[in-house]
Amino acid sequence: MPTLEEEPLLLSSPSCIILRSSNPIMIPAFRRRFPSATTVFIWALVLLAFTASYITLVDPGSSVEKNVRSSAHVTRANGLSVLVTGAAGFIGSHVAIALKNRGDGVVGVDNFDNYYGRSLKETRRDLLELNGVYIVDGDINDSRLLSMLFDTVEFTHVMHLAAQVGVQYAVENPYAYVRSNVASLVTLLEQCKSAHPQPAFVWASSGSVYGVHNKVPYSETDRVDPPDTIYASTKRTGEEITHTYNRLHGLSITGLRFFTVYGPWGRPDMAYFSFVRNILQGEPITIYRAKNRVDPAREFIYIDDIVKGCVASLDTSGKSTGSGGLKNGSAPYRIFNLGNGSPVTVPALVAILEENLKMRVEKDVVDTCGDGDDSFAYVNISLAERELGYKPTTDLQTGLREFVKWYLWYYGKPLVEDSNV
Ligand SMILES: O=C(O)[C@H]1O[C@H](OP(=O)(O)OP(=O)(O)OC[C@H]2O[C@@H](n3ccc(=O)[nH]c3=O)[C@H](O)[C@@H]2O)[C@H](O)[C@@H](O)[C@H]1O
(Lines give C-alpha, C1' and ligand atoms only; values in the text may rest on other atoms or scores of the structure.)
Protein backbone atom coordinates (compact mmCIF):
# COMPACT_ATOMS: atom_id res chain seq x y z
CA MET A 1 0.00 0.00 0.00
CA PRO A 2 1.46 3.39 -1.04
CA THR A 3 2.18 6.00 1.63
CA LEU A 4 0.90 9.52 1.29
CA GLU A 5 4.30 10.67 0.04
CA GLU A 6 4.27 8.01 -2.63
CA GLU A 7 0.83 8.90 -3.86
CA PRO A 8 1.03 12.49 -5.03
CA LEU A 9 -1.29 11.94 -8.00
CA LEU A 10 -4.27 11.58 -5.68
CA LEU A 11 -4.07 15.35 -5.17
CA SER A 12 -5.66 17.50 -7.74
CA SER A 13 -3.54 20.61 -8.01
CA PRO A 14 -0.25 20.37 -9.95
CA SER A 15 1.48 22.68 -7.46
CA CYS A 16 0.42 20.40 -4.65
CA ILE A 17 1.90 17.49 -6.50
CA ILE A 18 5.22 19.29 -6.48
CA LEU A 19 5.01 20.33 -2.86
CA ARG A 20 4.10 16.94 -1.59
CA SER A 21 6.72 15.15 -3.58
CA SER A 22 9.58 13.71 -1.63
CA ASN A 23 11.71 13.91 -4.72
CA PRO A 24 14.30 16.66 -4.05
CA ILE A 25 14.82 17.50 -7.73
CA MET A 26 11.19 18.70 -7.96
CA ILE A 27 11.79 21.60 -5.55
CA PRO A 28 13.91 23.67 -7.95
CA ALA A 29 11.26 23.05 -10.62
CA PHE A 30 8.64 24.63 -8.30
CA ARG A 31 10.97 27.55 -7.69
CA ARG A 32 11.48 28.06 -11.39
CA ARG A 33 7.74 28.40 -11.81
CA PHE A 34 7.47 31.09 -9.13
CA PRO A 35 6.73 34.22 -11.17
CA SER A 36 8.70 37.45 -11.06
CA ALA A 37 7.06 40.69 -9.85
CA THR A 38 6.70 41.87 -13.49
CA THR A 39 4.90 38.70 -14.50
CA VAL A 40 2.53 39.04 -11.54
CA PHE A 41 1.85 42.62 -12.53
CA ILE A 42 1.12 41.69 -16.17
CA TRP A 43 -1.15 38.84 -15.10
CA ALA A 44 -2.95 41.14 -12.67
CA LEU A 45 -3.58 43.59 -15.50
CA VAL A 46 -4.89 40.81 -17.75
CA LEU A 47 -7.17 39.60 -14.97
CA LEU A 48 -8.43 43.12 -14.34
CA ALA A 49 -9.16 43.68 -18.03
CA PHE A 50 -10.94 40.34 -18.25
CA THR A 51 -13.06 41.07 -15.18
CA ALA A 52 -13.98 44.52 -16.46
CA SER A 53 -15.08 43.21 -19.85
CA TYR A 54 -16.99 40.39 -18.15
CA ILE A 55 -18.88 42.85 -15.99
CA THR A 56 -19.69 45.07 -18.96
CA LEU A 57 -20.62 42.38 -21.44
CA VAL A 58 -22.00 39.55 -19.38
CA ASP A 59 -23.53 41.17 -16.32
CA PRO A 60 -26.45 43.23 -17.58
CA GLY A 61 -26.94 44.78 -14.13
CA SER A 62 -24.15 47.26 -14.43
CA SER A 63 -25.08 48.47 -17.94
CA VAL A 64 -28.70 48.79 -16.80
CA GLU A 65 -27.55 50.92 -13.88
CA LYS A 66 -25.49 53.07 -16.20
CA ASN A 67 -28.49 53.64 -18.47
CA VAL A 68 -30.72 54.32 -15.49
CA ARG A 69 -28.32 56.96 -14.17
CA SER A 70 -28.03 58.67 -17.51
CA SER A 71 -31.80 58.63 -18.09
CA ALA A 72 -32.36 60.10 -14.61
CA HIS A 73 -30.14 63.07 -15.38
CA VAL A 74 -32.00 66.31 -14.63
CA THR A 75 -31.30 69.19 -17.01
CA ARG A 76 -33.33 72.06 -15.56
CA ALA A 77 -33.13 73.90 -12.26
CA ASN A 78 -35.32 72.26 -9.61
CA GLY A 79 -36.22 69.53 -12.06
CA LEU A 80 -37.92 66.38 -10.83
CA SER A 81 -36.49 62.91 -10.81
CA VAL A 82 -39.35 60.58 -11.75
CA LEU A 83 -39.75 56.83 -11.92
CA VAL A 84 -42.51 56.16 -14.49
CA THR A 85 -43.99 52.67 -14.25
CA GLY A 86 -45.80 51.38 -17.33
CA ALA A 87 -43.58 53.66 -19.41
CA ALA A 88 -44.08 51.60 -22.57
CA GLY A 89 -47.83 51.94 -22.16
CA PHE A 90 -50.10 54.50 -23.78
CA ILE A 91 -50.28 57.15 -21.05
CA GLY A 92 -46.88 56.26 -19.55
CA SER A 93 -44.98 56.82 -22.79
CA HIS A 94 -46.58 60.23 -23.36
CA VAL A 95 -45.99 61.37 -19.78
CA ALA A 96 -42.37 60.17 -19.79
CA ILE A 97 -41.57 62.11 -22.96
CA ALA A 98 -43.30 65.26 -21.70
CA LEU A 99 -41.29 65.19 -18.47
CA LYS A 100 -38.01 64.51 -20.25
CA ASN A 101 -38.63 67.29 -22.74
CA ARG A 102 -38.97 69.88 -20.00
CA GLY A 103 -35.72 68.76 -18.36
CA ASP A 104 -36.80 66.31 -15.67
CA GLY A 105 -34.92 63.08 -15.04
CA VAL A 106 -37.07 60.13 -16.08
CA VAL A 107 -36.55 56.40 -15.68
CA GLY A 108 -39.13 54.04 -17.14
CA VAL A 109 -39.97 50.51 -16.10
CA ASP A 110 -42.32 48.18 -17.94
CA ASN A 111 -42.85 44.42 -18.08
CA PHE A 112 -43.94 44.48 -21.75
CA ASP A 113 -46.81 42.11 -21.05
CA ASN A 114 -48.65 40.57 -23.95
CA TYR A 115 -52.17 41.79 -23.14
CA TYR A 116 -52.51 43.63 -26.45
CA GLY A 117 -49.27 42.44 -28.02
CA ARG A 118 -45.70 43.62 -27.49
CA SER A 119 -45.03 45.21 -30.83
CA LEU A 120 -46.64 48.61 -30.18
CA LYS A 121 -44.99 48.77 -26.76
CA GLU A 122 -41.60 48.08 -28.29
CA THR A 123 -42.09 50.85 -30.83
CA ARG A 124 -43.06 53.20 -28.02
CA ARG A 125 -39.84 52.16 -26.27
CA ASP A 126 -37.86 53.13 -29.38
CA LEU A 127 -39.61 56.47 -29.36
CA LEU A 128 -38.71 57.00 -25.72
CA GLU A 129 -35.09 56.09 -26.34
CA LEU A 130 -34.95 58.70 -29.10
CA ASN A 131 -36.13 61.18 -26.49
CA GLY A 132 -33.50 60.10 -23.96
CA VAL A 133 -35.73 57.98 -21.73
CA TYR A 134 -34.49 54.52 -20.81
CA ILE A 135 -37.02 51.81 -19.96
CA VAL A 136 -35.98 48.94 -17.74
CA ASP A 137 -37.59 45.73 -18.96
CA GLY A 138 -38.80 44.35 -15.66
CA ASP A 139 -41.67 43.73 -13.31
CA ILE A 140 -42.52 45.99 -10.39
CA ASN A 141 -43.49 42.87 -8.46
CA ASP A 142 -39.76 42.28 -8.31
CA SER A 143 -38.60 44.03 -5.14
CA ARG A 144 -34.92 43.40 -5.95
CA LEU A 145 -35.31 45.30 -9.20
CA LEU A 146 -37.02 48.15 -7.36
CA SER A 147 -34.23 48.23 -4.76
CA MET A 148 -31.66 48.48 -7.53
CA LEU A 149 -33.54 51.41 -9.08
CA PHE A 150 -33.96 53.25 -5.79
CA ASP A 151 -30.34 52.59 -4.82
CA THR A 152 -29.22 54.03 -8.15
CA VAL A 153 -31.45 57.12 -8.25
CA GLU A 154 -32.93 59.33 -5.53
CA PHE A 155 -36.40 59.67 -7.04
CA THR A 156 -38.38 62.74 -6.00
CA HIS A 157 -41.56 61.31 -7.53
CA VAL A 158 -43.07 58.04 -8.69
CA MET A 159 -45.63 58.20 -11.51
CA HIS A 160 -47.27 54.81 -11.25
CA LEU A 161 -49.11 54.00 -14.47
CA ALA A 162 -48.38 50.27 -14.82
CA ALA A 163 -51.62 48.32 -14.53
CA GLN A 164 -53.66 45.48 -15.91
CA VAL A 165 -56.22 47.40 -17.92
CA GLY A 166 -59.34 46.40 -19.83
CA VAL A 167 -62.74 45.97 -18.28
CA GLN A 168 -63.82 42.82 -20.16
CA TYR A 169 -60.61 40.81 -19.78
CA ALA A 170 -61.13 40.83 -16.01
CA VAL A 171 -63.98 38.36 -16.40
CA GLU A 172 -61.59 35.93 -18.06
CA ASN A 173 -58.50 36.51 -15.94
CA PRO A 174 -59.19 38.22 -12.61
CA TYR A 175 -55.85 37.09 -11.17
CA ALA A 176 -53.94 39.31 -13.61
CA TYR A 177 -55.73 42.31 -12.09
CA VAL A 178 -55.01 41.35 -8.52
CA ARG A 179 -51.37 40.74 -9.36
CA SER A 180 -50.81 43.95 -11.32
CA ASN A 181 -53.18 46.38 -9.67
CA VAL A 182 -52.93 45.25 -6.06
CA ALA A 183 -49.81 43.13 -5.38
CA SER A 184 -47.46 45.24 -7.53
CA LEU A 185 -48.86 48.40 -6.03
CA VAL A 186 -47.98 47.17 -2.54
CA THR A 187 -44.47 46.15 -3.62
CA LEU A 188 -43.90 49.60 -5.05
CA LEU A 189 -45.36 51.39 -2.02
CA GLU A 190 -43.14 49.32 0.27
CA GLN A 191 -40.14 50.52 -1.69
CA CYS A 192 -41.30 54.14 -1.55
CA LYS A 193 -42.04 53.85 2.16
CA SER A 194 -38.48 52.72 2.94
CA ALA A 195 -36.76 55.26 0.70
CA HIS A 196 -34.60 58.07 2.10
CA PRO A 197 -36.16 60.52 1.36
CA GLN A 198 -39.54 59.14 0.34
CA PRO A 199 -40.75 60.19 -3.12
CA ALA A 200 -44.22 61.65 -3.70
CA PHE A 201 -46.50 59.05 -5.29
CA VAL A 202 -48.92 59.84 -8.16
CA TRP A 203 -50.82 56.94 -9.66
CA ALA A 204 -53.56 55.87 -12.05
CA SER A 205 -56.84 55.01 -10.44
CA SER A 206 -59.88 54.94 -12.72
CA GLY A 207 -63.20 56.58 -13.37
CA SER A 208 -64.66 53.09 -13.25
CA VAL A 209 -64.55 53.18 -9.43
CA TYR A 210 -67.83 55.15 -9.47
CA GLY A 211 -69.59 51.83 -9.81
CA VAL A 212 -73.10 50.92 -10.67
CA HIS A 213 -75.59 53.19 -9.02
CA ASN A 214 -73.83 56.49 -8.72
CA LYS A 215 -75.42 59.85 -9.30
CA VAL A 216 -74.04 62.04 -12.09
CA PRO A 217 -71.95 64.06 -12.47
CA TYR A 218 -69.40 62.05 -10.53
CA SER A 219 -67.55 63.99 -7.83
CA GLU A 220 -64.55 62.88 -5.82
CA THR A 221 -66.52 63.16 -2.58
CA ASP A 222 -69.25 60.76 -3.80
CA ARG A 223 -69.53 57.24 -2.49
CA VAL A 224 -67.95 54.94 -5.00
CA ASP A 225 -69.33 51.53 -4.21
CA PRO A 226 -70.27 48.94 -5.23
CA PRO A 227 -67.74 48.47 -8.06
CA ASP A 228 -69.27 46.78 -11.09
CA THR A 229 -66.18 45.01 -12.45
CA ILE A 230 -63.08 43.30 -11.08
CA TYR A 231 -61.02 45.99 -12.78
CA ALA A 232 -62.90 48.66 -10.85
CA SER A 233 -62.59 46.67 -7.60
CA THR A 234 -58.82 46.48 -7.91
CA LYS A 235 -58.55 50.21 -8.64
CA ARG A 236 -60.79 51.00 -5.67
CA THR A 237 -58.67 48.69 -3.52
CA GLY A 238 -55.63 50.62 -4.72
CA GLU A 239 -57.19 53.85 -3.49
CA GLU A 240 -57.70 52.34 -0.05
CA ILE A 241 -54.22 50.84 0.10
CA THR A 242 -52.55 54.11 -0.92
CA HIS A 243 -54.61 55.94 1.68
CA THR A 244 -53.31 53.57 4.35
CA TYR A 245 -49.69 54.16 3.28
CA ASN A 246 -50.36 57.87 3.44
CA ARG A 247 -51.72 57.66 6.98
CA LEU A 248 -49.23 55.16 8.35
CA HIS A 249 -46.02 56.15 6.61
CA GLY A 250 -46.37 59.79 5.55
CA LEU A 251 -46.34 59.15 1.80
CA SER A 252 -47.72 61.96 -0.34
CA ILE A 253 -50.39 60.32 -2.52
CA THR A 254 -52.30 61.56 -5.55
CA GLY A 255 -54.77 59.17 -7.22
CA LEU A 256 -55.98 60.11 -10.70
CA ARG A 257 -59.36 58.81 -11.82
CA PHE A 258 -58.84 58.63 -15.57
CA PHE A 259 -61.88 58.34 -17.78
CA THR A 260 -61.71 57.10 -21.39
CA VAL A 261 -58.33 58.33 -22.62
CA TYR A 262 -57.68 58.19 -26.37
CA GLY A 263 -55.21 59.43 -28.94
CA PRO A 264 -52.12 58.61 -31.01
CA TRP A 265 -50.12 55.59 -29.77
CA GLY A 266 -53.30 54.46 -27.97
CA ARG A 267 -54.43 51.05 -26.79
CA PRO A 268 -55.65 48.63 -29.48
CA ASP A 269 -58.07 46.97 -27.04
CA MET A 270 -60.15 50.13 -26.65
CA ALA A 271 -63.37 50.67 -28.57
CA TYR A 272 -62.37 53.74 -30.63
CA PHE A 273 -59.19 51.96 -31.77
CA SER A 274 -60.93 48.76 -32.83
CA PHE A 275 -63.71 50.76 -34.51
CA VAL A 276 -61.14 52.44 -36.79
CA ARG A 277 -59.58 49.08 -37.56
CA ASN A 278 -62.98 47.59 -38.47
CA ILE A 279 -64.07 50.59 -40.54
CA LEU A 280 -60.89 50.36 -42.62
CA GLN A 281 -61.23 46.61 -43.01
CA GLY A 282 -64.89 46.89 -43.99
CA GLU A 283 -65.96 44.79 -41.04
CA PRO A 284 -69.02 45.45 -38.86
CA ILE A 285 -68.73 46.88 -35.36
CA THR A 286 -70.80 46.08 -32.30
CA ILE A 287 -72.44 48.88 -30.38
CA TYR A 288 -73.72 47.99 -26.95
CA ARG A 289 -76.96 49.57 -25.84
CA ALA A 290 -78.40 49.56 -22.35
CA LYS A 291 -81.98 48.78 -21.28
CA ASN A 292 -84.67 51.05 -22.74
CA ARG A 293 -82.47 51.68 -25.79
CA VAL A 294 -80.11 53.96 -23.86
CA ASP A 295 -76.92 54.65 -25.75
CA PRO A 296 -73.85 54.37 -23.55
CA ALA A 297 -71.87 57.58 -23.17
CA ARG A 298 -68.29 58.16 -22.13
CA GLU A 299 -66.06 61.08 -21.29
CA PHE A 300 -63.38 60.72 -23.96
CA ILE A 301 -60.24 62.61 -23.00
CA TYR A 302 -57.47 63.35 -25.42
CA ILE A 303 -54.04 62.15 -24.38
CA ASP A 304 -52.40 65.61 -24.38
CA ASP A 305 -54.96 66.84 -21.85
CA ILE A 306 -54.34 63.84 -19.61
CA VAL A 307 -50.58 64.37 -19.81
CA LYS A 308 -51.06 67.95 -18.58
CA GLY A 309 -53.12 66.62 -15.67
CA CYS A 310 -50.42 64.08 -14.79
CA VAL A 311 -47.60 66.61 -14.95
CA ALA A 312 -49.57 69.14 -12.88
CA SER A 313 -50.23 66.42 -10.31
CA LEU A 314 -46.50 65.78 -9.98
CA ASP A 315 -45.75 69.49 -9.70
CA THR A 316 -48.33 70.09 -6.97
CA SER A 317 -47.95 66.80 -5.09
CA GLY A 318 -46.35 68.19 -1.94
CA LYS A 319 -43.73 66.20 -0.12
CA SER A 320 -43.85 62.90 1.66
CA THR A 321 -42.93 63.38 5.29
CA GLY A 322 -41.57 59.96 6.19
CA SER A 323 -38.16 58.49 5.85
CA GLY A 324 -37.00 54.89 6.02
CA GLY A 325 -40.51 53.73 6.90
CA LEU A 326 -41.12 56.23 9.70
CA LYS A 327 -43.75 58.92 9.42
CA ASN A 328 -42.87 62.49 10.39
CA GLY A 329 -46.21 64.26 10.19
CA SER A 330 -49.12 64.16 7.81
CA ALA A 331 -48.69 64.26 4.04
CA PRO A 332 -51.15 65.17 1.26
CA TYR A 333 -53.71 62.59 0.14
CA ARG A 334 -55.53 63.69 -3.00
CA ILE A 335 -57.91 62.15 -5.55
CA PHE A 336 -58.84 63.86 -8.81
CA ASN A 337 -61.28 63.13 -11.61
CA LEU A 338 -59.52 63.57 -14.93
CA GLY A 339 -62.40 63.64 -17.39
CA ASN A 340 -63.63 66.58 -19.42
CA GLY A 341 -67.16 67.23 -18.24
CA SER A 342 -68.86 66.49 -21.57
CA PRO A 343 -70.00 62.92 -22.26
CA VAL A 344 -70.43 61.65 -25.82
CA THR A 345 -72.45 58.60 -26.83
CA VAL A 346 -70.77 55.69 -28.59
CA PRO A 347 -72.85 56.14 -31.81
CA ALA A 348 -71.76 59.81 -31.90
CA LEU A 349 -68.12 58.70 -31.56
CA VAL A 350 -68.59 56.27 -34.46
CA ALA A 351 -70.13 59.00 -36.63
CA ILE A 352 -67.05 61.21 -36.11
CA LEU A 353 -64.77 58.33 -37.07
CA GLU A 354 -66.79 57.61 -40.22
CA GLU A 355 -66.61 61.25 -41.17
CA ASN A 356 -62.84 61.34 -40.66
CA LEU A 357 -62.26 58.19 -42.66
CA LYS A 358 -64.93 59.04 -45.24
CA MET A 359 -66.22 55.50 -44.89
CA ARG A 360 -69.38 53.95 -43.49
CA VAL A 361 -69.46 50.92 -41.23
CA GLU A 362 -72.12 48.31 -40.59
CA LYS A 363 -73.31 48.50 -36.99
CA ASP A 364 -74.61 45.56 -35.00
CA VAL A 365 -76.52 47.07 -32.11
CA VAL A 366 -76.62 44.69 -29.17
CA ASP A 367 -79.01 45.32 -26.30
CA THR A 368 -77.53 44.50 -22.93
CA CYS A 369 -79.22 43.94 -19.62
CA GLY A 370 -77.49 46.96 -18.06
CA ASP A 371 -79.85 49.62 -16.74
CA GLY A 372 -77.83 52.38 -18.33
CA ASP A 373 -76.32 53.83 -15.16
CA ASP A 374 -73.07 51.96 -15.63
CA SER A 375 -72.90 53.01 -19.27
CA PHE A 376 -73.04 56.70 -18.67
CA ALA A 377 -70.02 58.62 -17.45
CA TYR A 378 -70.42 62.29 -16.67
CA VAL A 379 -67.74 63.88 -14.59
CA ASN A 380 -67.33 66.88 -12.35
CA ILE A 381 -63.76 68.10 -12.90
CA SER A 382 -63.92 71.31 -10.87
CA LEU A 383 -61.56 70.02 -8.17
CA ALA A 384 -58.82 69.26 -10.73
CA GLU A 385 -59.46 72.63 -12.37
CA ARG A 386 -58.99 74.39 -9.05
CA GLU A 387 -56.08 72.43 -7.62
CA LEU A 388 -54.17 71.40 -10.74
CA GLY A 389 -55.13 74.10 -13.24
CA TYR A 390 -56.46 71.17 -15.30
CA LYS A 391 -58.36 72.35 -18.35
CA PRO A 392 -58.94 69.93 -21.24
CA THR A 393 -58.81 71.83 -24.52
CA THR A 394 -59.07 69.17 -27.23
CA ASP A 395 -62.58 68.43 -28.47
CA LEU A 396 -63.47 64.96 -29.71
CA GLN A 397 -63.48 65.95 -33.42
CA THR A 398 -59.96 67.34 -33.21
CA GLY A 399 -58.64 64.50 -31.06
CA LEU A 400 -60.07 61.76 -33.24
CA ARG A 401 -58.72 63.48 -36.35
CA GLU A 402 -55.26 63.34 -34.79
CA PHE A 403 -55.77 59.70 -33.86
CA VAL A 404 -56.90 58.71 -37.35
CA LYS A 405 -53.92 60.54 -38.88
CA TRP A 406 -51.58 58.67 -36.58
CA TYR A 407 -53.32 55.33 -37.25
CA LEU A 408 -53.00 55.68 -41.02
CA TRP A 409 -49.35 56.72 -40.67
CA TYR A 410 -48.53 53.87 -38.30
CA TYR A 411 -50.43 51.01 -39.90
CA GLY A 412 -50.82 52.31 -43.42
CA LYS A 413 -53.94 51.91 -45.55
CA PRO A 414 -55.36 49.47 -46.46
CA LEU A 415 -54.64 47.87 -43.14
CA VAL A 416 -52.47 44.78 -43.18
CA GLU A 417 -54.07 42.16 -40.99
CA ASP A 418 -51.93 41.86 -37.88
CA SER A 419 -53.31 40.59 -34.62
CA ASN A 420 -50.09 41.37 -32.81
CA VAL A 421 -50.41 45.12 -32.95
O1 LIG B 1 -60.06 53.21 -16.47
C2 LIG B 1 -61.09 53.15 -17.10
O3 LIG B 1 -62.08 53.78 -16.78
C4 LIG B 1 -61.23 52.26 -18.28
O5 LIG B 1 -61.43 53.07 -19.45
C6 LIG B 1 -61.67 52.35 -20.63
O7 LIG B 1 -62.87 51.61 -20.50
P8 LIG B 1 -64.12 52.09 -21.34
O9 LIG B 1 -64.45 53.51 -21.07
O10 LIG B 1 -65.18 51.10 -21.08
O11 LIG B 1 -63.56 52.08 -22.82
P12 LIG B 1 -63.86 51.17 -24.08
O13 LIG B 1 -63.58 49.75 -23.79
O14 LIG B 1 -63.11 51.81 -25.17
O15 LIG B 1 -65.43 51.33 -24.31
C16 LIG B 1 -66.06 52.60 -24.56
C17 LIG B 1 -67.52 52.43 -24.81
O18 LIG B 1 -67.71 51.71 -26.02
C19 LIG B 1 -68.58 50.63 -25.79
N20 LIG B 1 -68.20 49.54 -26.70
C21 LIG B 1 -67.01 48.91 -26.53
C22 LIG B 1 -66.62 47.95 -27.41
C23 LIG B 1 -67.48 47.59 -28.47
O24 LIG B 1 -67.18 46.72 -29.30
N25 LIG B 1 -68.65 48.24 -28.59
C26 LIG B 1 -69.04 49.22 -27.72
O27 LIG B 1 -70.12 49.78 -27.87
C28 LIG B 1 -68.43 50.27 -24.32
O29 LIG B 1 -69.55 49.59 -23.85
C30 LIG B 1 -68.24 51.63 -23.74
O31 LIG B 1 -69.49 52.22 -23.51
C32 LIG B 1 -60.54 51.37 -20.88
O33 LIG B 1 -60.83 50.55 -22.01
C34 LIG B 1 -60.30 50.51 -19.67
O35 LIG B 1 -59.22 49.68 -19.89
C36 LIG B 1 -60.06 51.37 -18.46
O37 LIG B 1 -58.85 52.09 -18.62
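In listed order, ligands and their atoms are each counted from 1. Here the structure is a predicted model, which is why all the values come from computation and not from measurement.
- Here the heavy atom of the protein found nearest to atom 10 (O) of ligand 1 is Arg298 NH2, 3.2 Å.
- Ile91 approaches Cys310 most closely through the heavy-atom pair CG2-SG, 4.4 Å.
- With values rounded to the nearest 0.5 angstrom, Ser206 atom OG is found 10.5 Å from Asn337 atom CG.
- Atom 1 (O) of ligand 1 has Ser206 OG, 2.7 Å as its closest protein atom, hydrogens excluded (heavy atom only).
- For atom 18 (O) of ligand 1, the nearest non-hydrogen atom from the set Val346, Val167, Val209 comes from Val346.
- Counting heavy atoms closer than 4.0 Å to ligand 1, residue Phe258 contributes backbone atoms (N, CA, C, O) but none from C-beta onward.
- A salt bridge does not link Lys235 with Glu239: every distance from a Lys NZ or Arg NE/NH1/NH2 to an Asp or Glu carboxylate oxygen is 4.0 Å or more.
- Every heavy atom of Phe273 sits 4.0 Å or more from the atoms of ligand 1.
- Note on ring orientation: taking the six-membered ring where Trp is involved, the planes of Tyr410 and Trp406 are parallel (angle under 30°, cut-offs 30° and 60°).
- Across all their heavy atoms, Tyr302 and Glu402 have their closest contact at OH-CB, 3.2 Å.
- Looking from atom 4 (C) of ligand 1 to the surrounding protein, the closest heavy atom is Tyr231 CE2, 4.1 Å.
- At a heavy-atom cutoff of 4.0 Å, ligand 1 is contacted by both the backbone and the side chain of Met270.
- Distances from atom 28 (C) of ligand 1 to the heavy atoms of Tyr288, Phe259, Tyr272, Tyr210 show the closest one on Tyr288.
- For the pair Ala271 and ligand 1, the shortest N or O to N or O distance falls below 3.5 Å.
- The Ile287 neighbourhood of ligand 1 comprises atoms 27 (O), with distances under 4.0 Å to a heavy atom of that residue.
- No option in Asp295, Thr286, Ile287 other than Ile287 meets the side-chain contact (heavy atoms from CB on, under 4.5 Å) test with Val346.
- Asn356 CG to Lys358 NZ: the interatomic distance, rounded to the nearest 0.5 Å, is 7.0 Å.
- Counting only heavy atoms from C-beta outward, the side chains of Ile140 and His160 approach each other to under 4.5 Å.
- By the 3.5 Å distance cut-off applied to N or O atoms, Val165 is not counted among the residues near ligand 1.
- Summary of contacts: the protein heavy atom closest to atom 11 (O) of ligand 1 is Thr260 CG2, 3.8 Å.
- Looking at heavy atoms from C-beta onward, Arg102 lies in side-chain contact with Arg76 at the 4.5 angstrom threshold.
- Counting protein heavy atoms only, atom 32 (C) of ligand 1 is closest to Arg267 NH2, 3.6 Å.
- At a 3.5 angstrom cut-off on N or O pairs, Asp269 does not count as close to ligand 1.
- For ligand 1, one of its N or O atoms has an N or O atom of Thr286 under 3.5 Å away.
- Side-chain atoms of Asn141 and Ser184 include a donor-acceptor pair closer than 3.5 Å.
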